[in-house]
Amino acid sequence: MKDLYKVVFLFVFFTNSLFIFSQHSNSTTIFEQEIKNRSGHYIKDPDFKKAQVFFLEQNWDSTLVYAMKQLSQSSQNREIQNYCHLFRGFSFEEKKIFNEGQKELINVSKEFAFYYNARMKLAEIALEQKQFQKAIKYFKEIEHVNDSKLLGIKKSNVKHNLGICYLHLNVFEKAEFYLLESIKLQEQQKDSLMLIGSYGDVANLYYVQYKDNLAIPYFEKAYALSKKIKNFDLKRRTALNMAVIEKNRNNFAKALAYREEYDQWKDSLNNQNKVWEIAQTEKKFAVKQKQNEVNLLKTENRVQKTQQLGLIVSITLVSILFLMAVYFYRQKAKQNQVISKQKETLDELNATKDKLFSIVSHDLRSSVHAMKTSNAKLLEKVATKDLEEIDTILHQNSGIANSTYNLLDNLLHWALLQTKQAYFEITSLRLFFIVEQVAYNYQPLMAEKNILFENTISKKDFVLADQESLKLLLRNFFDNAIKFSNENGFIKIYTQNDSDTYCDLIIEDNGIGMSGDTIASILKDSTLLSKKENEKSIGTGLGLQLCKSMIKKNNGKLDIKSELGKGTKFIVSLLKTPPHEQN
């Protein structure tokens with residue numbers, strides 16, 4: 001019985017590692033075809049189209065990226081959101097990141113066509129994590145669903161997995177019922193590979209209950225069925241099981257025959273792997289040889305062309321030299337002018353760079369020093385448990401951290417803009433939702449100064465702009481409005497549509513305002529940074545300089561209306577989206 005127990009252990013490991021039946025191990029073609037057909041009319045959105053294509057190609061990392069980009073968009077229907085959560089849930093599960101997969105799949109709504117596919121995947125994740133009661137709950141939800149709603153899920157898989165759950169929970173009567181039901185369905189479907197695993201699971205079920213007379217026939221069925229397939233590994237394992245069974249029956253001749261068969265299949269499996277490795281090596285060698293031949297032919301062609309062109313080059317060389325001499329003579333005067341202008345531009349850029357480094361380093365040092373000093377006070381107040389003062393200091397630290405973060409964010413975008421590495425795509429955008437997204441992150445800062453915020457932009461206002469650069473503009477304008485507003489002030493954002501071409505986006509506050517000279521300095525078409533009027537504020541002027549560049553890239557215009565002590569209006573004019581292009 002000791003050896004027989006070893007067989008049981010071997011078969012348990014074998015079947016459970018391979019035969020937790022998944023909706024992706026069977027009927028994959030049906031599921032993928034349904035996904036392709038039902039989501040086809042949504043692929044006009046480029047991010048969703050890429051997410052769908054990468055999902056069908058099983059490129060899980062790219063699926064995660066583009067599905068997340070689609071979910072981050074403000075205007076979309078619930079159906080697209082369901083598809084994106086389904087794609088991300090499946091991708092996380094394939095990458096064995098089960099907790100994230102569960103979070104995505106839970107968000108799939110019940111009216112979605114692939115709702116039961118999401119529940120099946122949640123059940124499989126729970127089973128992988130050995131959360132058997134949780135897995136049973138999900139499988140039970142699918143068990144009696146009409147086949148027309150399962151879209152690629154096999155009922156035999158559901159029943160088999162329920163049997164596996166009950167087997168692990170030692171609820172043998174239910175485990176036997178579901179495993180036998182699964183076998184009936186698989187026999188109807190003539191699914192040989194899955195039947196071998198199911199026979200083994202039923203045999204294991206009986207063995208753990210010491211029902212050897214019921215278990216052995218199923219081992220024999222698994223062995224007999226393995227003879228009809230080409231899977232060497234299955235043949236090897238079932239032969240080994242039969243060898244141990246016959247040994248326990250004291251039928252040593254048959255046990256020896258099964259053992260020899262096991263060794264033959266083991267050798268065949270090893271040989272198959274070796275043949276595959278040799279084939280791969282030969283393939284690589286052949287490809288390398290072919291590439292060498294191609295490179296040789298390319299070299300010979302280049303030599304031949306060089307010889308053919310040599311004579312032509314020699315004939316034309318004298319003429320070219322003469323023409324070049326005339327050309328360079330004429331260009332000399334123009335080049336002097338260009339060099340002079342380039343020198344001026346370079347001097348201006350160097351001045352901007354020097355001033356930027358000077359201001360940024362000063363402001364960073366100031367903010368870090370302020371944070372250091374504030375934290376020292378905070379430690380003292382924590383020791384004395386002065387909660388009111390601790391709260392005040394924490395709010396100060398929050399303001400310092402926020403200003404420093406905005407400074408670094410602007411610096412990063414400025415560097416990307418200068419090196420032309422920033423991604424930029426002008427699309428039709430609904431202004432109201434973009435403003436709401438950005439304003440949401442500034443609610444705590446406005447609440448801290450008791451600033452009243454009002455967004456009266458019409459939901460019908462669409463503009464042509466790059467989404468990320470528009471958010472960057474709004475963040476800088478919100479930051480300035482909050483920074484230079486007094487307590488109990490207000491910030492309003494609204495639009496004016498006096499032009500057929502442009503939509504005017506207006507950010508208004510009743511803060512300290514600015515002088516006419518400051519406005520002229522900001523609006524001046526220059527790359528130089530403006531000097532701060534308020535030396536106590538953390539900032540470089542880089543944000544407004546960056547805003548000017550981004551507005552220009554978006555084919556827009558900037559205007560400022562302000563008076564000292566009476567607040568400021570930043571007016572950003574952006575191109576309107578034609579009515580037929582509005583989403």
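D461 and T495 make their closest contact through OD2-OG1, 2.7 Å (heavy atoms, listed as atom of the first residue, atom of the second, distance). Looking at every heavy atom in both residues, C84 comes nearest to F48 through SG-CD1, 4.1 Å. Across every non-hydrogen atom of C547 and N476, the tightest pair is SG-CB, 3.6 Å. In terms of heavy-atom proximity, L151 sits nearest to A113 at CD1-O, 3.4 Å.
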Evaluation steps, side chain to side chain donor-acceptor pair (under 3.5 Å), between T518 and S515: CA-CA 5 Å; T518 302; S515 67; 3.0 Å; yes
L544 vs N480, side-chain contact (heavy atoms from CB on, under 4.5 Å): CA-CA, chis, key distance, verdict: CA-CA 9 Å; L544 287 176; N480 280 339; 3.7 Å; yes
Stepwise side-chain contact (heavy atoms from CB on, under 4.5 Å) test for D559 and L523: CA-CA 7 Å; D559 193 14; L523 295 177; 4.0 Å; yes
Trace of the side chain to side chain donor-acceptor pair (under 3.5 Å) decision for Q81 with N77: CA-CA 7 Å; Q81 290 179 339; N77 60 35; over 6 Å; no
Step-by-step salt bridge (charged side-chain N to carboxylate O under 4.0 Å, His left out) determination, K483 to D479: CA-CA 6 Å; K483 186 188 303 181; D479 188 57; 3.7 Å; yes
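Interatomic distance, M68 CE to T63 OG1, rounded to the nearest 0.5 Å: 14.0 Å. We find the OG-CZ distance between S62 and F87 to be 13.5 Å, quoted to the nearest 0.5 Å. L56 CG to Q52 CD: the interatomic distance, rounded to the nearest 0.5 Å, is 5.0 Å.
Side-chain contact check for T427 and D466: no donor-acceptor pair (N or O, by modelled atom type) lies under 3.5 Å.
Checking side-chain atoms of Y494 against main-chain N and O of S458 turns up no donor-acceptor pair under 3.5 Å. Although no hydrogens or angles enter the test, the distance criterion places no donor-acceptor pair under 3.5 Å between the side chain of R88 and the main chain of G101. Side chain of K449 to main chain of S485: a donor-acceptor pair is present (N/O by atom type, distance under 3.5 Å, no hydrogens or angles). Between the side chain of K576 and the main chain of S499, a donor-acceptor pair closer than 3.5 Å is present. Under a 3.5 Å cut-off, the side chain of D47 and the backbone N or O of Y66 do not form any donor-acceptor pair. For S549 (side chain) and Q545 (main-chain N/O), a donor-acceptor pair under 3.5 Å exists by modelled atom type. S562 places a side-chain N or O within 3.5 Å of a backbone atom of G567 that can act as its donor or acceptor partner. Without hydrogens or angle criteria, K548 side chain to K524 main chain gives a donor-acceptor distance under 3.5 Å.
With ring centers used as reference points, F490 lies 6.0 Å or more from F453. Ring to ring, F112 and Y83 are close: their centroids are under 6.0 angstrom apart. Ring centers of F90 and F31: under 6.0 Å apart, within the cut-off.
Note on K121 versus E93: salt bridge recorded, some NZ/NE/NH1/NH2 to OD/OE distance being below 4.0 Å. The pair K95-D61 meets the salt-bridge criterion, with a side-chain N (NZ, NE, NH1 or NH2) lying under 4.0 Å from an Asp/Glu carboxylate O.
In the displayed structure, K49 atom NZ is contacted under 6.0 Å by at most 12 heavy atoms of other residues, nucleotides or ligands. Within 6.0 Å of CD in E563 there are 12 or fewer heavy atoms belonging to other residues, nucleotides or ligands.
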